[in-house]
Participant: 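Mind looking over this structure? Questions follow.
In what follows, every chain begins at residue 1, and chains take the letters A, B, ... in the order their sequences are listed.
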Amino acid sequence: MNATEIHKQLVEKFGDKIIAVDADALDPWIEVAPDAIVEVSTYLRDASELRFDGLNNLSGVDYFEPDEKKAAKFEHEPHLEVVYHLYSYTHKHFLTVKVKLPRWQNDQQGQLPEVPSVTGVWGIADWHERETYDLMGIHFSGHPNLRRILCPEDWVGHALRKDYDFPLEYHGVRN
Amino acid sequence: MSIQVEDPRVIEFDVRTDEMLVNMGPQHPSTHGVLRLLLRTDGEVVHEVTPHIGYLHRCAEKIGENLSPPQWIPYTDRMDYLAGMNMNLGFALATEKLIGMEVPEKAMTLRVMIAELGRIASHLVGMGAYGLDLGSFSPFLYAFREREIILDLFEEVCGARLTYSYITVGGATHDLPASINIPPGLASLTGRDPHEHVSWMEATEMFLDWLEPRILEYHTLLTENSIFIKRTASIGELSREDAISYGCTGPVLRGSGVDHDLRRDGESIYTRMYEGYEYEIPVAPFAKAPPEAVLGDNWCRFYVRMMEVVQSIGLVRQAIAKYPTAAGEYRVPFKLNTKLPSAECYLETECPRGQMGFHLVGDGKAAPLRARAKSSCFCNLSVTADLCRGCLLADIPSIVGSLDVVMGEIDR
């Protein structure tokens, strides 16, 4: 099935929780509302004609330009995206699902944006979400063990945010 | 206070030994470098395994966001340092997909040749090191002897032995050298004069002719060896469903009986490289398996790698035969500061350890807004906790080794 057909089917099932579709992109993607991601994922995995049983990749993207002079030319609204790359071993087709989030919850600097965890749908989401939490600063609510995975537990900040300041010192070790 | 013996929990408490927390790694050789496993053991039985990763953490993705794709290519081969050429290829293809570049046939043939040699070299280390994990030292020496010659051949094409970076956006950095000395290792093994000049492809064929019969020796030393079978068969069983759910790829997935290989099932930009080649994709269960082996155990995963080496030898031979007549140049020019379009793409390729994916987001600058590398070992390792539950302490190196993890690929 191609992205247009999948989108039509999802809209019939979930209505306005399916926000946008781009079937002409290099990797056709469908945008889903953050609060519906678990239901949509479960449906994508279980529906017999879709069967997206593999989560190939989960990445976070920070659309933000920290430099004020360059920010005027930056063509995206500042926001975060969680991108799920799905694959079906049964039907051998691909789909990209996106969730758009604000950079900070309620515009409060330091409050991490939240998206429900899909750990219950695909096992591998466990580690991928921990990594995205660690490096991109996105809170996956309902994750059984949301701890840092690559950085130490007491690390401050999220390294792949565009406005991340590299610390000058960690436990007395100078950079 | 009297103890009620009828209560089964009390009896169990009585005969239990103390639970211990045991740290394995980060420096134990069997943990493949900087992997730390925290084991909760009760005597010999392991109740729980918690892998801790991130000891390298070289900020590869952060660097990728500040460099243009041709500049980041040398960083990709430092991730999986045992299969650098395959990582180069994966990232070069992802960039080509993003900018919509077509690569000539000659460059594609060259890439097949180099990538499959890289796969052989990587599986040789995987096989040798796995023997070492199980306490058998000779296969390790033999595997490294063979791998040395592949490294000699790589040195002739790009000048480096470990951090080799040859495949780049648009093709490869150079054409194959017309004439080289026979690499000293190969000369001494085949009894040739090391000062004799041959073409690079002749030397490669000479090496393949020598390597192919040696595979039988590996079978005698490892796969048919009763100690090896005892240590691997029906240990670390991974079911088909779990392998898919946990995102396992490559030999781990095929060892669990899923017939999936991106060289055949991937996206067209990758599969057209392999069009017209004859090869098989080894998938468990195998007819030659010992009676003790079950689907998805350590033995199957190991055997998949053994069989892939044979297939890769065939692929390199076909690419060598095809190369002189292939059309086009070995490279399409690509400028260092070419602007990437405002688009995003994700592409996975079949690296020796599994499917390596690159997610690139361009925003009109030369450096991508986001350069993500999804590594196969990361997913393969995440299944360790499940595989090791309830196994014996001595089985841990056997299970972790069968996943063939490279820690450099796991970090970001």
Participant: Answer whether the closest heavy-atom distance between the side chains of Y87(A) and H260(B) falls below 4.5 Å.
Facilitator: yes
Participant: If I measure from the heavy atoms of chain A, does I269(B) come under 4.5 Å with its side chain, its backbone, both, or neither?
Facilitator: neither
Participant: Measure the spacing between CZ of R130(A) and OG of S382(B) and express it to the nearest 0.5 Å.
Facilitator: 10.5 Å
Participant: Taking all heavy atoms of D27(A) and all of E344(B), pick out the closest pair and write down the distance.
Facilitator: OD2-O, 4.3 Å
Participant: Heavy-atom distances under 4.5 Å only: say whether K365(B) touches chain A with side chain, backbone, both or neither.
Facilitator: side chain
Participant: Would you indicate whether E5(A), at its atom CD, is surrounded by more than 12 heavy atoms from other residues, nucleotides or ligands within a distance under 6.0 Å?
Facilitator: yes
Participant: Classify the ring geometry of F378(B) against W127(A): parallel below 30°, tilted from 30° to 60°, perpendicular beyond 60°.
Facilitator: perpendicular
Participant: If you take all heavy atoms of R161(A) and K62(B), which pair is closest and at what distance?
Facilitator: O-NZ, 3.4 Å
Participant: Do the side chains of R372(B) and V61(A) get nearer than 4.5 Å, heavy atoms only?
Facilitator: no
Participant: Between L98(B) and chain A, with a heavy-atom cut-off of 4.5 Å, which part of the residue counts as in contact: side chain, backbone, both or neither?
Facilitator: both
Participant: Decide salt bridge (Lys or Arg N to Asp or Glu O under 4.0 Å) for R370(B) and E81(A); before the verdict, give the C-alpha distance in whole Å, the side-chain angles of both, and the deciding distance to 0.1 Å.
Facilitator: CA-CA 11 Å; R370(B) 176 85 163 103; E81(A) 257 175 34; over 6 Å; no
Participant: Measure across D53(A) and I244(B) and return the closest heavy-atom pair with its distance rounded to 0.1 Å.
Facilitator: O-CG2, 3.4 Å
Participant: Can you tell me how the ring of H85(A) sits relative to the ring of Y346(B), calling it parallel under 30°, perpendicular over 60° and tilted otherwise?
Facilitator: parallel
Participant: Select one option (side chain, backbone, both, neither) describing which atoms of C59(B) are under 4.5 Å from chain A's heavy atoms.
Facilitator: neither
Participant: For E169(A), is the CD atom crowded, meaning more than 12 foreign heavy atoms sit under 6.0 Å from it?
Facilitator: yes
Participant: Using a cut-off of under 4.5 Å for heavy-atom pairs, which of E241(B), H359(B), E61(B) has the most such pairs with chain A?
Facilitator: H359(B)
Participant: Identify which part of V383(B) has an atom lying under 4.5 Å from any heavy atom of chain A, answering side chain, backbone, both or neither.
Facilitator: neither
Participant: Identify the two heavy atoms, one from L150(A) and one from I410(B), that lie closest to each other, and give their separation to 0.1 Å.
Facilitator: CD2-O, 4.2 Å
